[in-house]
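Working notes, structure below.
When reading the values below, keep in mind they use all heavy atoms of this one structure, side chains included, and skip hydrogens, waters and symmetry mates. Count residues from 1 along the sequence. Model, not experiment: these values are computed from the prediction.
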Amino acid sequence: MTLRGTIGPGFYRQAALALLVACVAMVAASILLARLSLDAKALKLSLQVSVAVAVSALFLAGLFIRRISDDRRQIAESEQRFRRAMEDSAIGIAVVGLDGRIIEANPAFAAMLGYSREEIEALTFFQITHPDDLQIGRETMDGLKAGTVHAFQFEKRYLKKDDTPIWAHLAGSVIRDETSGRPLYLVSQIEDIDARKQAEVRIAEAETRWNFALAGAGQGVWDLDMRKGGTTYSSTWVKMLGYADGELDGDPDHWLTMIHPDDREAVATADRAHLDGNTEFFEAEFRMRHKDGHWVWILDRGKAIERDAAGRLTRAIGSLTDITRRKEAEERLTVSAAMLADEKERLRVTLQSIGDAVICTDAANRVTFMNPVAEKLTGVSGDEALGKTLGHVYWAVDEETGQRIGVARPAIGAAAPSDQNSRAVLIRRDDTRCSIRQVVSPIINERNEFCGLVIVFQDFTDARALQRQLAHAAAHDALTGLANRSSFIRTMEELVDQARKDAAAAGGGRHQFMFIDLDHFKLVNDTGGHAAGDALLKRVAEAVRGVLDPEDIVARLGGDEFAVILKSASTAGAGIAARSIIDAIAGLDFTWDDRPHAIGASIGLTAICADCGEVDEIIARADAACYAAKAAGRGCVSVALDDKINDDRSEPSKPLAAAS
């Protein structure tokens, strides 16, 4: 393929026609001169004209030949320049026929697609064009053939030799026949723009992600460009306020009119501070009116990015975020915090004012609070106690066992009820003690996590002493200090039950029961009065208690009747103890108003065992035995065995029976 066709064949046709005309003229002149009868002068003139014409024709032919030679040289130079430019161009160049065949391609185009020149010149543009972009090539070719397209420029994807797509920018024109105007072929310049296209895709993806992130976060974007006439807002921003796209664009100061009056001055101040260069960024939180009238809280951040030569703002950009929910949450939190502070203050005043001692700990068992009562009872100041482990401040033990009362955290997931203890003893730092009643309550938060303890305790020393006094009074005779009838009966019932259990488990268990009735006591009351009788009863109680073992139980049943439970299971041993009691009572040296009084005692004795019946039956048998002892002369012991009463007078303590 050369560029000769581009010079055109018309010039050569004109040159040939001029030579032909000159030759014909010479031949015609010769024939005409031969047929004419001219004189010598005329003939000479005719020959001169013919020679002149021939010379002129030859001269013109020479000129034409020279012109042809120059044209050929210029065409060769032009073709060489074109080929050199085509070969050396960094941009692909291709000459394509109207049938799509690649007539000629430069090395840059072949290298762009990974082919050699021979390989690519054997293909058509349809074979190297991406299927999705074939239509634009066909439409361009159809327009060229129809004469509606003379030059073209568009972007499309080619397919490289390995079938990977590559973006290119095509710019070219059609070469037409000079005479007919018929299109001959296309000359295209192909520029590799694949890197730019990929960058555009990445930018588009990044912009999509950015826009999605902004929309997802409820953020809009504003762009102030004074050269373009004002401010534009993103769709997220205008929708945030209930407007349509573009409805708020334009006036750069319109947004200020939408701000809540109470916030406008602060926003304007922040705006001026940034425009004056006092702040790196503009940032403000304010309320803006929604299109329907309600207020929306906005966080506005922006920055001036361009200024003119005079320092005036020409371009600024920023973002807007809907923070209404956050502001509402902050308001609720503020109200809650105020309420919590009030509640905390009320609780502090309450704890400081109540009469109970209160100690609070955290999850690590460190003291976080002590009220004045707790400071007084523990002997440790609150300032000294804060941050210390509970054991350094509060040490409570069980009143009976002396073991420390634990205040450990509950097990994970376990129920955490309050632990109450009414028999605790607080050991102070100076080793003094006081009885306390404590309640230990764990603190569990809404996530079921242990957060600490609250220990509430009271000085229970006086109350504990009173309790002991009341308990003692309820179980003991007020006059003698011995067990009273009700507590004695309860003890008897327990022993009977235990005897039955022992009999079932190990073959039996026995105790001995005495019923004691004083002899001649009525005479003391009658002569000395009840005061004398009461004094004597105290002496009798001391005498009976004095001759028995510590584990034996002595009770006053009422009046001058006493009862004893001997832990010994021997009847003989019980008899010896009974005679010792009789001797001790008879030996009392009792004087009232300078008058001596002598009394004695009669005792009925029976066993406490598994098969001895109920308590009232045992007491009845012993009472009957005592009655028998009195009938036998007083001052002696009668034993009830197998429902038979035997009086034992083999060794009377004193001869009181004859005296009675």
Side-chain angles (χ1 to χ4, degrees), residues 206-307 311-346 446-447:
E207 184 175 356
T208 299
R209 288 194 297 269
W210 172 246
N211 289 332
F212 180 79
L214 288 176
Q219 288 188 324
V221 177
W222 56 265
D223 187 349
L224 170 63
D225 193 336
M226 301 303 293
R227 292 166 300 191
K228 294 182 179 180
T231 306
T232 57
Y233 299 93
S234 67
S235 58
T236 303
W237 159 237
V238 293
K239 289 177 182 178
M240 196 184 300
L241 292 178
Y243 293 91
D245 286 349
E247 192 172 353
L248 295 178
D249 292 350
D251 184 359
D253 295 325
H254 179 62
W255 69 286
L256 288 170
T257 65
M258 302 170 63
I259 297 176
H260 193 286
D262 294 345
D263 302 334
R264 196 169 298 160
E265 181 58 32
V267 174
T269 300
D271 192 34
R272 285 193 301 270
H274 178 59
L275 293 178
D276 293 342
N278 297 326
T279 58
E280 184 178 1
F281 295 93
F282 164 75
E283 181 172 340
E285 294 181 358
F286 50 86
R287 289 160 289 181
M288 295 193 80
R289 186 182 295 278
H290 192 273
K291 190 173 184 179
D292 64 11
H294 75 273
W295 296 101
V296 178
W297 273 100
I298 298 296
L299 170 61
D300 190 352
R301 290 191 179 101
K303 180 177 177 61
I305 58 176
E306 290 183 21
R307 296 178 184 271
R312 292 185 296 267
L313 177 69
T314 57
R315 182 82 185 278
I317 193 168
S319 66
L320 302 120
T321 307
D322 184 347
I323 59 171
T324 303
R325 291 186 178 179
R326 195 197 83 190
K327 280 294 186 178
E328 291 174 348
E330 288 177 356
E331 185 176 355
R332 290 194 298 269
L333 186 61
T334 300
V335 173
S336 298
M339 294 175 62
L340 182 61
D342 291 344
E343 188 65 25
K344 185 176 180 180
E345 181 61 19
R346 283 194 294 270
E446 67 278 1
R447 296 185 297 276

Residues that L333 engages under side-chain contact (heavy atoms from CB on, under 4.5 Å), provided they are two or more places apart:
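Listed in chain order: nothing, the list is empty.
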Taking only residues two or more places apart in sequence or in another chain, which ones pass side-chain contact (heavy atoms from CB on, under 4.5 Å) with T231?
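T231 satisfies side-chain contact (heavy atoms from CB on, under 4.5 Å) with W222, L224, Y233, P252 once adjacent residues are dropped.
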Please examine the side chains of R272 and T269, heavy atoms only from C-beta on, and report whether any two atoms are closer than 4.5 Å.
yes
Any residue meeting salt bridge (Lys or Arg N to Asp or Glu O under 4.0 Å) with [X], in chain and number order, not counting sequence neighbours:
X	result
K291	E247
R301	E283
E280	none
R325	none

Under the rule for ring pair (Phe, Tyr, Trp, His ring centres under 6.0 Å), what residues qualify as partners of H254, not counting sequence neighbours?
none
Name all residues meeting the side chain to side chain donor-acceptor pair (under 3.5 Å) criterion together with [X]; count only those two or more places apart in sequence or in a different chain, and write none if there are none.
X	answer
R315	D223
R447	E449
T314	none
W255	none

Step through the shown structure and confirm whether more than 12 heavy atoms of other residues, nucleotides or ligands are within 6.0 Å of NZ on K303.
yes
Less than 4.0 Å between a side-chain N and a carboxylate O, is that true for E331 and K327?
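No, K327 and E331 are not salt-bridged.
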Sequence neighbours excluded, every pair satisfying ring pair (Phe, Tyr, Trp, His ring centres under 6.0 Å) that has a member inside residues 261-299
H260-W295, H290-H294
